[in-house]
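Scroll down for the structure; my scribbles are underneath it.
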2 protein chains.
Amino acid sequence: MKKKALDDYLCCMEAIEHDKRKCPTHISKDECISALLPVKDALDILSGKWKIQIILSLTFGKKRFKQILREIPGLTPKMLSKELKELEMNELVERKVYDTAPVTVEYELTPYGRTLKPLIGELHKWGSKHRKRIIARS
Amino acid sequence: MKKKALDDYLCCMEAIEHDKRKCPTHISKDECISALLPVKDALDILSGKWKIQIILSLTFGKKRFKQILREIPGLTPKMLSKELKELEMNELVERKVYDTAPVTVEYELTPYGRTLKPLIGELHKWGSKHRKRIIARS
DNA sequence: GTTATCAGTATACTTTAGGATACCGGTATA
DNA sequence: TATACCGGTATCCTAAAGTATACTGATAAC
């Protein structure tokens with residue numbers, strides 16, 4: 001189920017439709033469904049209301065909590081805290097605490113977090129075309 | 001603000017951070033924020049709970065309402081109806097009604113809907129790597 | 001002495017997403 | 001005559017996401 005898992009999924013859907021037990025690439029229905037889990041994972045990770053904005057705001061380098069808060073209008077500390085925790089759990093952002101007084105906390109995009117770049121680029125590319133299409137329609 | 005809107009956004013964030021009115025590429029803060037709207041659009045369109053599964057299920061060709069319902073376990077008619085309407089609004093899916101008795105309704109992925117393929121591919125690619133990383137961690 | 005800043009947390013609330021169940025009128029089948 | 005299928009809709013409910021507002025304790029600046 002390696003690299004072509006998505007193709008396997010499609011193949012499996014066809015198998016289901018035509019009432020076969022297995023698709024030609026020999027994956028079961030369960031394997032088939034699990035083949036699209038990664039897509040959902042990626043969507044879940046990015047689809048918090050402020051995630052993209054936070055990630056992009058960290059693209060230029062580390063920032064402090066209040067600094068992000070000031071930069072993004074409408075964002076509340078509760079939401080920022082929640083979103084940062086989720087990003088941290090997914091190893092996209094690193095939280096560093098310095099023993100100063102008062103305490104200093106810095107958030108930084110990890111190298112792994114930067115691997116999102118092509119994906120966000122693709123989202124932006126499709127989204128832009130879509131905006132034009134929808135605006136042109138009205 | 002054409003093609004490099006995302007770069008403009010990043011540039012603008014830096015400008016905001018360093019308290020400038022404009023970033024070197026001369027877009028305002030409002031333009032800056034609107035530069036990431038397309039990313040959010042794309043995420044919103046794809047992030048319904050059943051959207052991806054429905055889109056993929058239609059990749060092989062047109063299908064009828066009940067047919068999709070049977071194919072996707074757990075999906076209720078209410079949700080399918082809602083998701084299909086949203087996909088239709090975004091011109092990703094076309095709904096065709098045939099004057100038979102009882103009425104026949106077919107849903108088909110539009111050519112435009114198929115332009116999602118690279119994006120979904122990218123989501124799957126990143127999501128798969130992420131799964132491996134997270135599973136390996138525990 | 002007062003106020004502001006740091007990085008958040010606590011509590012209460014509204015809004016949205018999604019699920020469960022029942023139902024519709026028309027037709028074909030048993 | 002009874003049942004099942006077609007493509008949905010209506011109603012009610014729960015759970016999750018997000019918002020608003022207030023607050024913390026230590027410190028530094030005015």
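We name chains A, B, ... by the order of the sequence lines, and we start the count at 1 in each one.
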### Query
Are A/Glu106 and A/Lys63 within salt-bridge range, i.e. N to O under 4.0 Å?
no
### Task
State whether B/Glu122 and B/Lys125 are salt-bridged, where the test is any N-O pair (Lys NZ or Arg NE/NH1/NH2 against Asp/Glu carboxylate O) under 4.0 Å.
yes
### Query
Parallel, tilted or perpendicular for A/Trp126 and B/Tyr112, by the 30°/60° rule?
parallel
### Query
Can you tell me if B/Thr110 and B/Glu94 form a side-chain donor-acceptor pair at under 3.5 Å?
no
### Query
Over how many whole Å does the gap from A/Leu84 atom CG to D/dG18 atom P extend?
14 Å
Using the 3.5 Å cut-off, write out each protein N or O paired with an N or O of nucleotides 10-13 of chain C and the distance between them.
{"residue": "C/dA12", "atom": "N6", "partner": "A/Lys78", "partner atom": "NZ", "Å": "3.2"}

### Task
Quickly work out the A/Lys63 NZ to C/dA7 C1' distance and round it to whole Å.
17 Å
### Message
Whole angstroms only, please: what is the OH-C1' distance between A/Tyr98 and C/dA7?
### Response
15 Å
### Message
Without decimals, in angstroms, what is the distance between B/Leu75 CG and C/dA20 C1'?
### Response
14 Å
### Query
Please give, in whole Å, the distance from D/dT9 P to B/Leu80 CG?
10 Å
### Message
Measuring from atom NE2 of A/His130 to atom CG of B/Asp44, what distance do you get when rounded to the nearest 0.5 angstrom?
### Response
10.0 Å
### Query
To the nearest Å, how far apart are B/Glu83 CD and D/dT9 C1'?
17 Å
### Query
Do other residues, nucleotides or ligands put more than 12 heavy atoms under 6.0 Å from A/Lys40 NZ?
yes
Output one line per pair: protein atom, nucleotide atom from nucleotides 1-8 of chain D, and distance, for all N/O pairs under 3.5 Å.
{"residue": "D/dC6", "atom": "OP1", "partner": "B/Arg70", "partner atom": "NH2", "Å": "3.3"}
{"residue": "D/dC6", "atom": "O3'", "partner": "B/Arg64", "partner atom": "NH2", "Å": "3.0"}
{"residue": "D/dG7", "atom": "OP1", "partner": "B/Arg64", "partner atom": "NE", "Å": "2.9"}
{"residue": "D/dG7", "atom": "OP1", "partner": "B/Arg64", "partner atom": "NH2", "Å": "3.3"}
{"residue": "D/dG7", "atom": "OP2", "partner": "B/Lys66", "partner atom": "N", "Å": "3.2"}
{"residue": "D/dG8", "atom": "OP1", "partner": "B/Arg95", "partner atom": "NE", "Å": "3.4"}
{"residue": "D/dG8", "atom": "OP1", "partner": "B/Arg95", "partner atom": "NH2", "Å": "2.4"}
{"residue": "D/dG8", "atom": "OP2", "partner": "B/Tyr107", "partner atom": "OH", "Å": "2.7"}

### Summary
Note: A/Ile55 and A/Ile120 closest approach over all heavy atoms is CG2-CD1, 4.2 Å
### Message
Could you tell me how far apart A/Glu86 (CD) and C/dG8 (C1') are, to the nearest whole angstrom?
### Response
16 Å
### Task
Not counting sequence neighbours, which residues clear side chain to side chain donor-acceptor pair (under 3.5 Å) with A/Glu86? List them please.
A/Lys51
### Query
In whole Å, what is the span from the CD1 atom of B/Ile45 to the P atom of C/dA17?
14 Å
